[in-house]
Amino acid sequence: MEEKDLVVLLNEKRVFKPSKKLVENSNVMKWMKKKKIKSYDELLKKAEDIEWFWNEAAKETVKWKKPFKKILEQENNYSKWFNGAKYNIVFDALDKHKNKTKTAFIWEGEPEKEVRKISFKQLYQEVNKLANAMKKLGIKKGDRIGIYLPMIPELPVAMLASAKIGAIHSVVFSGFSALAFRERVNDEAAKLVITCDGFYRRGKIIPLKKAADEALMETPSVEKCIVIKRTAGEKVDWNEKRDLWYHEIIKKEKPECKTELMEANDPLFILYTSGTTGKPKGIIHDHGGYAVGTAITLKWVFDLKDKDIWWCAADIGWITGHSYIVYAPLILGVTSVMYEGSPDFPNPDRWWEIIDKHKVTVLYTSPTAIRMFMHFGEEWIEKHSLKSLRLLGSVGEPINPEAWMWYYKFIGKEKCQIMDTWWQTETGNHCITPLPITDLKPGSATKPFPGIQAKVLNKEGKEIINAGGELVLLKPWPGMLKGIYKNPEKYQKTYWEMYPEIYLAGDVARVDSDGYFWVQGRDSDVLKVSGHRIGNSEIESALVSHPLVAEAAAIGKPHEIKGESITAFVILKKGTEISENLRKELIEHVGKEIGKLARPDEILFVEDLPKTRSGKIMRRVIKAKVLGQDTGNISTLSNPEAVEELLKAK
Ligand code: WT7
């Protein structure tokens with residue numbers, strides 16, 4: 001199907017209303033009836049009383065071991081929710097299900113015949129065994145655990161075991177390089193690392209232990225490394241003093257372990273994400289507020305019920321997986337699908353096969369994946385029925401209306417509403433998102449979730465509609481970040497400096513006359529490539545760490561499938577000759593420094609780059625020039641002639 005036909009089908013003003021059945025049976029509507037709330041508008045209005053609303057949300061999702069003293073305390077842009085409550089997220093995510101034979105995870109390995117079904121009871125026992133083993137290794141409350149694992153069931157097990165004993169986990173996406181993993185392990189001074197021998201990706205084995213070994217060459221804080229055996233015989237190097245096989249250390253452990261009683265505001269995990277500088281920041285989330293925020297959003301947005309088969313097709317290495325593969329589904333006690341491999345392996349219909357096989361009812365994925373499937377063509381979908389699906393979701397980047405329509409028509413068969421959820425690593429849970437009761441406009445994440453107050457402001461801090469501006473959140477919410485690890489200055493500067501006491505998301509958005517939000521993308525210093533957040537300066541730092549590079553500027557160009565692609569302008573050190581080999585070497589160098597996901601699609605050599613008088617490279621000007629847009633006033637640059645030179649880049 002041609003894109004233009006989809007656009008015709010779309011017709012700008014078309015609104016997609018939920019069916020009566022969806023509305024009437026939805027979790028949110030049932031709750032509204034109980035509370036005598038008559039409409040969506042009234043719900044949003046009532047939830048402006050955030051203390052009332054979030055306490056109600058807590059009652060719907062979690063059980064404190066000891067009640068809180070105060071719902072909300074705010075100080076210096078830090079918010080403490082449910083302070084005084086004794087809690088551990090593991091009570092709700094695991095312990096309360098300890099006797100259930102219901103399946104928690106249906107795991108599909110990439111090699112097609114491999115399927116594992118893990119019940120809540122088995123998960124409980126496995127976590128306890130690992131938790132006991134970790135305690136024997138001397139892991140205590142507050143210690144950091146670096147987890148470098150692919151999409152295998154032992155990843156949630158490792159996270160839950162850490163949480164259970166009060167340790168803080170920090171999962172690093174298995175696609176990140178050894179050096180990126182090392183940087184994070186050192187920032188948090190992790191005591192223990194958990195990894196595996198290797199995993200399957202497009203039919204090949206990725207040797208993860210090898211990368212972990214490289215990372216651990218310079219990580220003084222790490223005492224032990226637990227290794228899961230995932231493959232059938234991938235050879236690994238072994239450090240007798242440091243390395244331990246997972247299957248060996250859990251063998252002797254008991255399937256019971258006491259859950260550490262924490263404060264609701266104690267940290268649960270650190271997850272690194274990109275920002276405006278070359279160094280990623282460690283976002284901290286806690287036990288209590290995060291549990292409430294993730295569970296209530298999953299329950300209401302994706303409307304999950306006991307019988308649903310939920311598939312959040314993200315990687316657990318990102319916040320989407322933390323919140324909506326691990327914690328929220330477990331708290332709600334629903335069955336989740338988890339898939340190890342690539343969406344197009346061995347064929348582009350692997351996902352549709354999985355959906356039919358396990359009768360998935362709700363699917364949550366990214367615009368990049370949807371555009372990739374569009375590109376493969378409908379014939380791969382038509383082989384499957386997909387009739388079990390009842391609701392769809394999108395996350396990670398703006399979804400263009402064409403991709404939205406395609407998803408609606410070919411995957412949802414025009415009967416599934418699409419929940420386009422806007423949120424961030426920092427927000428912990430969905431913030432701007434439809435509910436099953438919301439009328440949809442393709443391309444819009446619609447309205448704030450109840451209890452969230454979003455606005456778009458201009459530079460002066462005035463609220464604006466029908467024009468692009470800064471997306472902000474006016475009031476705190478329980479799932480919000482609890483700080484940046486060991487970097488309070490950055491926390492203040494990044495989120496709270498531009499508008500005092502208002503959370504700055506770092507996204508450009510527009511609100512239309514109906515109050516619908518249209519998120520356009522990140523501010524200029526963060527890229528979104530295939531939904532992955534990468535700082536322009538991270539790529540630049542990686543490039544200038546190469547001995548032959550003097551200076552570099554990375555920009556994003558619109559890309560049909562990935563959303564954005566990376567173009568890097570490079571000034572080489574004097575006397576260096578340009579060659580195709582050098583170009584390839586630099587691309588690989590970025591891959592080694594950060595990971596494959598950050599490799600530039602294009603490297604262009606230049607003699608000079610436009611700079612301000614203080615020497616700052618003007619990415620905005622470079623981007624405008626490359627895209628053929630207005631570069632604005634460039635007369636204040638120290639070298640305006642460099643702008644025209646960009647077009648002569650080799
Ligand atoms: C950034 C956050 C949220 C989990 C995955 C990404 C962009 C996210 C949407 C959406 C438009 C979106 C924003 C945001 N983004 N969801 N539905 N529509 N843009 O988490 O890596 O922290 O990235 O992703 O730019 O700020 P993240």
Side-chain angles (χ1 to χ4, degrees), residues 171-173 175-176 270-276 280-283 285 293-294 297-298 301-302 312-328 364-371 392-401 403-404 407 418-434 438 440-449 452 454 456 468 470-473 479-481 484 494-495 503-511 516-536 538 556 562-564 597-598:
V171 179
V172 176
F173 174 53
F176 274 125
I270 300 170
L271 184 59
Y272 286 85
T273 190
S274 299
T276 53
K281 34 186 199 219
I283 304 298
H285 283 288
T294 54
T297 48
L298 188 64
V301 174
F302 288 108
C312 167
D315 194 288
I316 294 175
W318 311 108
I319 191 70
T320 309
H322 277 61
S323 298
Y324 299 111
I325 299 178
V326 182
Y327 289 109
Y364 189 26
T365 184
S366 68
T368 290
I370 296 162
R371 289 188 295 256
L392 299 172
S394 172
V395 63
E397 48 186 317
I399 181 163
N400 46 313
W404 196 103
Y407 194 28
I418 298 174
M419 304 294 122
D420 174 6
T421 62
W422 177 91
W423 58 297
Q424 309 176 294
T425 305
E426 292 88 337
T427 70
N429 52 255
H430 307 143
C431 283
I432 301 177
T433 175
T438 311
L440 306 177
K441 297 187 189 185
S444 167
T446 73
K447 298 199 175 196
F449 187 81
I452 299 287
V456 170
E470 291 291 342
L471 177 59
V472 298
L473 304 177
M480 71 192 287
L481 74 164
I484 298 179
T494 312
Y495 309 110
Y503 174 84
L504 180 76
D507 278 356
V508 177
R510 176 174 68 85
V511 179
Y516 276 57
F517 284 74
W518 300 80
V519 179
Q520 289 154 8
R522 298 288 309 185
D523 288 348
S524 58
D525 38 24
V526 176
L527 296 160
K528 268 279 167 169
V529 180
S530 300
H532 302 319
R533 183 165 153 187
I534 308 164
N536 301 54
E538 275 176 86
K562 300 196 282 189
E564 274 188 299
L597 68 158

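These values consider heavy atoms only, across backbone and side chains, with no hydrogens, waters or symmetry-generated copies. Every number for a ligand or one of its atoms is a count from 1 in the order of the listing. Here, residue 1 is the first one in the sequence, and each next residue gets the next number.
Looking at Lys528, its side chain does come within 3.5 Å of a backbone N or O of Gly396 through a donor-acceptor pair.
Legend: residues meeting side-chain contact (heavy atoms from CB on, under 4.5 Å) with Ala505, ordered by chain and number and at least two apart, are Trp422, Gln424, Leu471, Tyr503. Every residue meeting the side-chain contact (heavy atoms from CB on, under 4.5 Å) condition with Thr446, not counting sequence neighbours, appears here in chain and number order: Pro434, Thr438, Leu440, Ser444, Tyr516. With sequence neighbours excluded, the residues forming a side-chain contact (heavy atoms from CB on, under 4.5 Å) with Ser274 are Arg533, Glu538, listed by chain and number.
At least one side-chain heavy atom of Ile319 sits less than 4.5 Å from a side-chain heavy atom of Trp423. Side-chain contact between Leu271 and Trp318: absent, with no pair of heavy atoms (C-beta onward) separated by less than 4.5 Å.
Near ligand 1, heavy-atom contacts under 4.0 Å come from Ile319, Thr320, Val395, Gly396, Glu397, Pro398, Asp420, Thr421, Trp422, Trp423, Gln424, Thr425, Asp507, Val519, Arg522, Lys528, Arg533.
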